[in-house]
Protein chains: 2
Amino acid sequence: MPDKKRITLKDIAKDLGISVSTASRALNSYSGISDDTIKLVKDYAEKHNYVPNTMAVNFRKNKTLTLGLIVPELVHYFFSSVISGALAEAKKRGYTVLVSQTEELLKNEIYAARTMIASSVDGIMISLSNETKDGDHLKELLEEGRPVVQFDKVLDDLPTAKVIVDDFNGAYNAVTHLINQGYQSIAHLNGHQDVNNSVERLRGYKQALTDAGLETKDEYIIHCHDISEQEGYDFTKDLMQLPDPPDAIFCITDLVAMGSMKFLKEKEVKIPDQVGIVGFSNWDMANFVTPTLSSVDQQAFKMGEKACQILIDTLKTGELGKDETHLIPTELIVRQSSKRD
Amino acid sequence: MPDKKRITLKDIAKDLGISVSTASRALNSYSGISDDTIKLVKDYAEKHNYVPNTMAVNFRKNKTLTLGLIVPELVHYFFSSVISGALAEAKKRGYTVLVSQTEELLKNEIYAARTMIASSVDGIMISLSNETKDGDHLKELLEEGRPVVQFDKVLDDLPTAKVIVDDFNGAYNAVTHLINQGYQSIAHLNGHQDVNNSVERLRGYKQALTDAGLETKDEYIIHCHDISEQEGYDFTKDLMQLPDPPDAIFCITDLVAMGSMKFLKEKEVKIPDQVGIVGFSNWDMANFVTPTLSSVDQQAFKMGEKACQILIDTLKTGELGKDETHLIPTELIVRQSSKRD
DNA sequence: TTCAGCAAACTAAACGATTCATCAGGGGCT
DNA sequence: AGCCCCTGATGAATCGTTTAGTTTGCTGAA
C-alpha cells in the first residue's frame, strides 16, 4: 500500500521556519509578503511537489470548481457533442464536470439534481427530460445559491439562463434551400406540438413557404409521436399515397429522415431527383446513408460551450444568472439527398 | 441572493441541548447512543431538512465518493456507451463520476490525470490515448493510493486491473459465421499491429480459417493506418482487383466496413450475394446503411459497468487492485450484409 | 530622540463533521 | 458499603487551508 503522504502547508512552514499563513499567502500571491519569501516558498513547493489538498480548499472556500451536467441520454450524437463542448470550456477555465444522465425519466432527474447538491457542485447545466413539467428540483439548487443553466430542452418559466437551438431559422433555411432547388410541394414530418423544438421548426417551415409564395397544405404536415425511424417510414408511405404527393420532405430529425429514405428507396423513388429530403440534427450517420443526407446541424458542441461559459460567468460575477435566452445558430449541411442541380 | 443557509450539526446540537458529537453519532447510527436520542436527532434532522455538508465530510474522511473517467473521445458510440454503463453502476453504488476526454493526445491525458488527482477522486477508469506509450502519469495516482482500472486501450505492463473486449473470440465468431454462410475466400482489413485489438482480431480471423480447414492468404490481409472510411474504400478496391478476389471481407471496424460497402455498391457488386461483409463495433449506423451491416457488438455498456464495478470493489476492500484482466464477451449481430441463405 | 506609518510576518479562529479519550451515574457484585 | 463495569453522553482534537486581526521591526520625519 503506497499511500505516499502528500506534503502539506504545515510541512512547508516547519521546514522553512515560517508560519503556515505566510506559506499560504506566498503561494497564493497575496499582498503583504516579500518577494524573497514568495520565491522561497514557491521553489520549495515546486521541489517537493506540493499539491494543495483540494478537499480542504473546497471545504474552506465553500466552492468546488466542479460543475454538474445532466442530460437525458448520453449515448446520443447530440448530447455527447454538447458534453464535449462543455468539457472543453470547463477545462479552459479550470473547472471539472460531473456528468449524469436521466434516461428521460423525471425520477432520475430529481435524483441527479439531489446528487449534484450533495456533491456540492458550484452550479449545473441541464437539459430536461421529456417527463419534466415543473422545476421544483431545480429550485432547490437555486435556493442554495447554485446557478442553473438550462439548454436544449428547457422550462420557460423557470428563471434561469437558457441556451437553445435556433430551430426556427434552422427549419426556415432548410425549407428555403429545398425551394431553391426547385422543389414545389414540400411536406414536413413534425413532432409533438407540446415540445418547443417542434413548434419552432414548424413555424420556420411555414414561414419559408409563405415567404416563397407557396401555400401550406395541412395534409403535408404530419406529427410524429415517438420520432422513430418506423414513423418516418410509415408517414412517408402515407404522404406518397396522397392524390397529390409531395416532391420533398423536411424531417424533424435525421432518424425520421432515415425511415423516410428507407421507404422511398424500397419503392425505388429516386432521391433527390424525384423526392428531396432534408433532416435535422446532422448525425454522423447522415454521411453514411445512400444518398448522403442533407441536414440541419445543431452545433451541439457550441451549445455545450455556451452553456458552460454562461454558467462560469455567472459564478464569477456572483450574480445568480439572469433569465436570458441564448440562441445557437444552426448550419445547413447540404448533401446529396436534396441537391437537384 | 437566496443562499438559504443550510443547517449544520452544531445547530442541531444547540437546539436539542446535546453535544455535536452525540448528534453525529446518532445520525450515523454509531454504538453507544440510546434509541431515544437517535430518534430525537433523526426526527429533528428530517424535519429541518438537514443535509450533511459533503465538503466537510470529504475533507474529514479523505474520500469523495467520486470516480474519474477518462476517455479518448466522447462523441463516439463506443465510448459514450462505456460512460453510460459506468454511470449506471456508479449511481447504483452511490458514487458520482467526473468525466474527461483526451482527444487522443497524451498531453491532455496527463492533464486529465492531474486534474483527477487535484479533484481528489477516489479512483479512476481510463482508456488510453493512441499516443500513450508509458503510464507515468497513472503511476502518480497509484502512488497516492488511488486505484486505477484500465479499459479498452490498456498498457499491459502497468499493474492495474484491466477490462478489455474479447477481440479474439469476436473475430473468430464473425469469421466462422461467414464461413457458415458459405463464403470461401475471406479477406480481413486489419489495423496497426502495435495495437492490441488489431493483433487479437487478426489472430481470431486466422484461427477461424484454420479451424475450418481454410487456408490464410497473405494478400487477403491488409493493415489500415488510420482506420478510416476512405481506407476501407481504397483497400477494398485493391482486394477486388486481385486475380483471385475474396468473396467476403471481415473489417476491423464498422467505419472501414462503410467504406468497403461504398466501393462495392459503386461497382454494383451485390452485398451479400457476391461479397459478404462483417464489421466490428456495431455502431448505430450499422442499422441504417443499405444493406444493414452485420457487426460484432463490443458490449460497451457492460464494459463500463464492469470497469466501474471493479474499481468500486477495489475501493471497498481497500486493496489496491490486483493486476487482473477481464474479458468482455462480444456478440455477433447478424444483419443483411452477411446473410446469404 | 521619539514616534507615526508601513511592510512583513505571525497567531489564532474558523469551516463542519468525525472520533478518540474521558466522564458521570447507575446497577450488580462481593 | 465499597468497588467495578457498563451505558450513554460529552469535550476536545483533528483534518489542511484561508483569512481577519495582531504583532514585530524598521524607516524616515518631526
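Order of the sequence lines fixes the chain letters, A, B, ..., with proteins taken first and strands second; residue numbering starts at 1 for each chain. It should be emphasised that the depicted structure is a prediction, and the values quoted were computed from it without experimental measurement.
Inter-residue side-chain proximity for A:V75 and B:F301 is flagged as unmet; no heavy-atom pair is nearer than 4.5 Å.
The separation between B:L9 atom CG and C:dG16 atom P is 10 Å, rounded to whole Å. Remark: P of C:dA17 and CG of A:N62 are 12 Å apart, rounded to the nearest angstrom. The CG-P distance, from A:L27 to D:dT17, rounds to 9 Å in whole Å. Rounded to a whole Å, the CG atom of B:N28 is 13 Å from the C1' atom of C:dG16. Atom CG in B:N58 sits about 18 Å away from atom P in C:dC15, given to the nearest Å. Atom P of nucleotide D:dT17 and atom CE of B:M55 are separated by 17 Å, given to the nearest angstrom. When the P atom of D:dT17 is taken as reference, atom NZ of A:K61 falls 12 Å away, rounded to whole Å. Following rounding to the nearest Å, B:K63 (NZ) and C:dT18 (C1') show an atom-to-atom distance of 13 Å.
Looking at B:E104 and B:S129, their side chains never bring a donor and an acceptor atom within 3.5 Å of each other.
Contact between the side-chain N/O atoms of A:Y50 and the OP1/OP2 oxygens of D:dT17 is found at a separation under 4.0 Å. An OP1 or OP2 oxygen of D:dC15 is reached within less than 4.0 angstrom by a side-chain nitrogen or oxygen of A:K10.
Within a 6.0 Å sphere centred on NZ of A:K47, other residues, nucleotides and ligands contribute 12 heavy atoms or fewer. Residue-environment remark: CD (B:E46) stays at or below the threshold of 12 foreign heavy atoms within 6.0 Å.
Here the side chain of A:N108 pairs a donor or acceptor atom with the backbone of A:T102 at under 3.5 angstrom.
Aromatic stacking is marked for A:F59 over C:dC15, as both cut-offs hold: 5.5 Å for the centres and 30° for the planes.
For the pairing with B:T132, the side-chain hydrogen bond (donor to acceptor under 3.5 Å, both in side chains) check across B:K153, B:E109, B:H137 returns one residue only, B:E109.
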- Task: Give the C-alpha distance, both sets of side-chain angles, the deciding distance and a yes or no for salt bridge (Lys or Arg N to Asp or Glu O under 4.0 Å) between A:E305 and A:K302.
- Result: CA-CA 5 Å; A:E305 261 184 342; A:K302 273 196 192 151; over 6 Å; no
- For nucleotides 6-13 of chain C, 5' to 3', base contacts (B), sugar-phosphate-only contacts (S) and non-contacts (-) with protein non-hydrogen atoms under 4.0 Å give --BBBBB-
